[in-house]
Amino acid sequence: MNYGFHPSPFGVVLVIATDRGLAGLAFAERGEEKATLDDMTRRWPKARYVEDAAATAPLAQRVFDPALWRSDRPLRIVMIGTDFEVRVWETLLRVPLGGATTYSAIASKVCTAKAARAVGAAVGRNPLSFVVPCHRVVGKNGDLTGYHWGLTRKRAILGWEAGKLSAAA
DNA sequence: AAACGAGGTTCCT
DNA sequence: AGGAACCTCGTTT
């Protein structure tokens, strides 16, 4: 796996890629790049990691520029996780830009309605932050309940998306 | 408003 | 294997 750190509208992002496509995308606080990398590599302990910012830079650029989200050049992604997690993430991928869903709604689709917390855990462990719209999930009552990389960042992303939406319209 | 328990899955020891 | 943690939710103090 190749990885590299790149600037983004929301801070530094760690991009992890395999020869089959994008595998990981995580936000890092300034100075905490190492911790973020550890956090990611823990997900796939058996993988070999090589820093190659040149390989990951184009991916980072593409992900954060909606103008490049074209169906004729789909972003290739690789989802590595348990059955449950992958199901949750695939459900999330169907949430449209600017849309929102709830943990319990996903839970009832993937498992039972009471698995909301499990969904929360799975969403939180989502290695493809931002690409998989884990930030468009809100609590049942419409509140932003939590975010692995900070509620502040979650709000920033939602605001950014709202801006992109009005720009497109 | 705060505390609590149920509930599903995964992580860590 | 056992316990704790998690981006939850509904109910009870």
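Just so we're on the same page: letters track the sequence lines, and every chain starts at 1.
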inquiry  = Rounding to an integer number of Å, can you tell me how far A:Lys154 NZ sits from C:dT8 C1'?
reply    = 11 Å
query = Which value, in whole Å, describes the distance between the P atoms of nucleotides B:dC4 and C:dA4?
reply = 16 Å
ask   = Only one of A:Val119, A:Val123, A:Thr101, A:Ile106 forms a side-chain contact (heavy atoms from CB on, under 4.5 Å) with A:Thr91, so which one is it?
value = A:Ile106
remark   = Once base and sugar-phosphate atoms are separated, protein heavy atoms under 4.0 Å mark nucleotides 7-13 of chain B, 5' to 3', with B, S and - as BBSSSS-
inquiry  = What is the distance, to the nearest angstrom, from the CG atom on A:Asp39 to the P atom on C:dC7?
reply    = 11 Å
request  = Please report the closest heavy-atom contact between A:Ser129 and A:Phe27, naming both atoms and the distance.
outcome  = OG-CE1, 3.3 Å
query = Taking C-beta and beyond as the side chain, do A:Leu151 and A:Arg155 meet within less than 4.5 Å on heavy atoms?
reply = yes
ask   = When the distance from NE2 of A:His148 to P of C:dC6 is rounded to whole Å, what number comes out?
value = 9 Å
task = Determine, for A:Glu29 against A:Arg153, whether the closest basic-nitrogen to carboxylate-oxygen distance falls under 4.0 angstrom.
result = yes
query = Whole-Å distance between C:dC7 C1' and A:Ile157 CD1?
reply = 12 Å
request  = Please report, rounded to the nearest Å, how far the C1' atom of C:dT8 is from the NZ atom of A:Lys140.
outcome  = 10 Å
ask   = Is A:Gly120 touching bases, backbone alone, or none of the nucleic acid, heavy atoms closer than 4.0 Å?
value = sugar-phosphate
task = With sequence neighbours left out, write down each residue that passes ring-ring contact (aromatic ring centres under 6.0 Å, His included) with A:Trp160, or none if nothing qualifies.
result = A:Phe10, A:Phe130
key: Dot-bracket line, read 5' to 3' along DNA chain B, where crossing pairs take [ ] and | marks a partner on another strand, Watson-Crick or G-U under 3.5 Å   = ||||||.||||||
key: Residues A:Asp38, A:Arg42: salt bridge by 4.0 Å N-O rule   = no
ask   = For the residue pair A:Ile16 and A:Met40, what are the closest heavy atoms and their distance?
value = CD1-CB, 3.6 Å
request  = Assign A:Val137 to base, sugar-phosphate, or nothing according to its heavy-atom contacts below 4.0 angstrom with the strands shown.
outcome  = nothing
message = Please give me the minimum heavy-atom distance between A:His135 and A:Leu158, naming the atom from each residue.
response = O-CD2, 3.5 Å
inquiry  = Using side-chain heavy atoms (C-beta onward) and a distance below 4.5 Å, is A:Val63 in contact with A:Leu22?
reply    = yes
remark   = Rounded to whole Å, CG of A:Leu151 lies from P of C:dT8 at a distance of 10 Å
